[in-house]
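Take a look at the structure below.
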Amino acid sequence: MKINISGLMSMISEYDKQINALSFKIKNEVYSVSIQELNGTVNVIDENKENFTRDMTELEDKIFKLTQLKTILYKKNNSFHLSDGRTIQSAIVDNSNLSFLENNYDYILNFRSTKTRCTEVNNSYFECKNINFDTEEIRKKLEDIKDKIQQTDLEISKLNSQIFEINI
C-alpha cells in the first residue's frame with residue numbers, strides 16, 4: 001500500500017478510535033445475565049459470550065495492527081531528515097520544547113511593574129513590584145521561537161507528504 005506519513009497518522013488515529021470503542025463495548029459484554037427463579041428455572045436475559053469472544057479477538061487484531069503502524073511511523077519519523085539534518089522525530093521533540101518556552105514567554109510578557117499604596121494605622125508607603133526582565137529582549141526571543149517552530153513545521157509537512165510503501 002502506498003501512503004505518506006500524514007495518511008499513516010490518520011490511519012493510526014482511526015485505529016485508536018476503533019480500539020477505544022471496542023474496549024468500551026467489551027466492558028459491557030463481560031457478563032451474561034440470567035434470572036434464576038426459586039424453583040430453579042433459569043431464563044437468559046442477555047447472552048454476551050459470543051459477542052465478547054468476537055470483539056476481544058477483533059480488539060487483539062486491531063492492537064496488533066496499530067502496533068505495526070506506529071512502528072512504521074516511528075521508523076519513518078527517524079529516517080526522514082530535515083534540511084538541518086534533524087530527523088522528523090527530533091524536530092517534533094524540539095518544537096514541543098520550543099512551544100513550552102513560547103508559552104512561558106507569552107505568560108511573563110503579561111506582567112507589568114506595579115506600585116500599590118499601602119496605608120496602616122500610622123504609616124503609609126508604596127509597595128513597588130518591578131519586573132526582572134527586558135520585555136523587548138523577551139519579545140525578540142519569542143518571535144525567534146515562533147519563526148523556528150513555523151519553519152520546522154513547514155519542513156515536517158513537506159516530508160510528511162512523501163509517498164512510501166508499507167505492508168500490513
Side-chain angles (χ1 to χ4, degrees), residues 1-28 55 58-168:
M1 166 195 298
K2 292 188 180 222
I3 196 165
N4 59 26
I5 290 180
S6 296
L8 185 58
M9 289 189 310
S10 293
M11 281 179 71
I12 288 170
S13 176
E14 188 59 35
Y15 269 94
D16 275 333
K17 289 177 189 172
Q18 292 172 4
I19 286 169
N20 286 334
L22 267 173
S23 176
F24 180 76
K25 190 175 176 187
I26 288 169
K27 289 175 185 171
N28 291 325
D55 290 341
E58 185 180 350
L59 178 69
E60 291 165 352
D61 290 343
K62 287 191 182 295
I63 286 175
F64 177 75
K65 286 181 182 174
L66 179 64
T67 300
Q68 286 180 316
L69 292 173
K70 284 186 174 183
T71 300
I72 293 167
L73 178 63
Y74 179 78
K75 286 179 181 176
K76 291 300 177 183
N77 277 344
N78 281 307
S79 65
F80 289 155
H81 294 273
L82 280 69
S83 61
D84 61 4
R86 293 180 296 166
T87 63
I88 290 176
Q89 191 64 44
S90 67
I92 289 170
V93 170
D94 287 346
N95 269 10
S96 175
N97 292 334
L98 286 174
S99 292
F100 181 79
L101 191 55
E102 176 187 9
N103 290 336
N104 277 287
Y105 283 162
D106 276 335
Y107 179 74
I108 67 171
L109 282 174
N110 289 319
F111 286 90
R112 303 287 180 258
S113 295
T114 62
K115 184 186 276 189
T116 307
R117 183 180 175 121
C118 299
T119 305
E120 296 175 355
V121 176
N122 54 356
N123 190 14
S124 288
Y125 57 91
F126 289 101
E127 179 182 76
C128 302
K129 292 183 179 178
N130 297 313
I131 56 174
N132 294 323
F133 57 89
D134 179 3
T135 56
E136 289 308 311
E137 183 182 336
I138 297 295
R139 283 187 214 290
K140 183 177 177 348
K141 287 181 179 182
L142 182 60
E143 289 306 312
D144 290 345
I145 287 173
K146 286 180 179 181
D147 289 344
K148 283 180 186 177
I149 291 172
Q150 189 175 21
Q151 280 181 302
T152 301
D153 283 346
L154 179 63
E155 277 196 69
I156 289 172
S157 67
K158 286 178 184 177
L159 290 173
N160 282 349
S161 64
Q162 291 183 2
I163 304 291
F164 53 88
E165 188 77 30
I166 63 170
N167 297 316
I168 57 165

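These values consider heavy atoms only, across backbone and side chains, with no hydrogens, waters or symmetry-generated copies.
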For a quick test of your reading: what N or O donor-acceptor pairs under 3.5 Å do the side chains of residues 79-86 make, sequence neighbours left out?
from: Ser79; atom 1: OG; to: Lys75; atom 2: O; distance (Å): 3.2
from: Ser79; atom 1: OG; to: Lys76; atom 2: O; distance (Å): 3.2
from: His81; atom 1: ND1; to: Gly85; atom 2: O; distance (Å): 3.1
from: Ser83; atom 1: OG; to: Glu155; atom 2: OE1; distance (Å): 3.0
from: Ser83; atom 1: OG; to: Glu155; atom 2: OE2; distance (Å): 3.0
from: Asp84; atom 1: OD1; to: Arg86; atom 2: N; distance (Å): 3.1
from: Asp84; atom 1: OD1; to: Arg86; atom 2: NE; distance (Å): 3.3
from: Asp84; atom 1: OD2; to: Arg86; atom 2: NE; distance (Å): 2.8
from: Asp84; atom 1: OD2; to: Arg86; atom 2: NH2; distance (Å): 3.1
from: Arg86; atom 1: NH1; to: Asp94; atom 2: OD2; distance (Å): 2.8
from: Arg86; atom 1: NH2; to: Thr152; atom 2: OG1; distance (Å): 3.1

Taking distance alone, no hydrogens or angles, what donor-acceptor pairs closer than 3.5 Å link side-chain atoms of residues 161-168 to residues at least two apart or in another chain?
from: Ser161; atom 1: OG; to: Lys158; atom 2: O; distance (Å): 2.7
from: Glu165; atom 1: OE2; to: Met1; atom 2: N; distance (Å): 2.6

Side-chain donor/acceptor pairs under 3.5 Å, residues 102-109, sequence neighbours excluded:
from: Asn103; atom 1: ND2; to: Ser99; atom 2: O; distance (Å): 3.3
from: Asn104; atom 1: ND2; to: Phe100; atom 2: O; distance (Å): 3.0

Name each donor-acceptor pair under 3.5 Å that joins a side chain in residues 59-72 to protein atoms two or more places apart or in another chain, with its distance.
from: Lys62; atom 1: NZ; to: Gln18; atom 2: OE1; distance (Å): 2.7
from: Thr67; atom 1: OG1; to: Ile63; atom 2: O; distance (Å): 2.9
from: Thr71; atom 1: OG1; to: Thr67; atom 2: O; distance (Å): 2.8

Output a table of donor-acceptor pairs, distance under 3.5 Å, between side-chain atoms of residues 115-136 and any protein atom two or more places apart or on a different chain; print 'none' if there are none.
from: Glu120; atom 1: OE2; to: Tyr125; atom 2: OH; distance (Å): 3.3
from: Asp134; atom 1: OD1; to: Glu136; atom 2: N; distance (Å): 3.2

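Atom OG of Ser96 is separated from atom CG of Leu101 by 11.5 Å, given to the nearest 0.5 angstrom. A distance of 8.5 Å separates CG in Leu142 from CD1 in Ile138, rounded to the nearest 0.5 Å. Rounding to the nearest 0.5 angstrom, the gap separating the CE atom in Met9 from the CG atom in Asn77 is 7.5 Å. With rounding to the nearest 0.5 Å, the separation of OG in Ser157 from CD1 in Ile88 is 9.5 Å.
Under the rule for a side-chain contact (heavy atoms from CB on, under 4.5 Å), the partners of Asn78 that lie at least two apart in sequence or sit in another chain are Tyr74, Thr87, Gln89. The side-chain hydrogen bond (donor to acceptor under 3.5 Å, both in side chains) check on Asn95 picks up Asp153, with sequence neighbours excluded. For Lys140, the salt bridge (Lys or Arg N to Asp or Glu O under 4.0 Å) partners at least two apart in sequence or on another chain are Asp144. Not counting sequence neighbours, the partners of Ser23 by the side-chain contact (heavy atoms from CB on, under 4.5 Å) test are Lys27. Contacts of Lys25 classified as salt bridge (Lys or Arg N to Asp or Glu O under 4.0 Å), with partners at least two apart in sequence or in another chain: Asp55.
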Evaluation steps, side-chain contact (heavy atoms from CB on, under 4.5 Å), between Ile156 and Ile92: CA-CA 8 Å; Ile156 289 172; Ile92 289 170; 4.0 Å; yes
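Between Glu143 and Arg139 there is no salt bridge, since no side-chain N of the basic residue sits under 4.0 Å from a carboxylate O of the acidic one.
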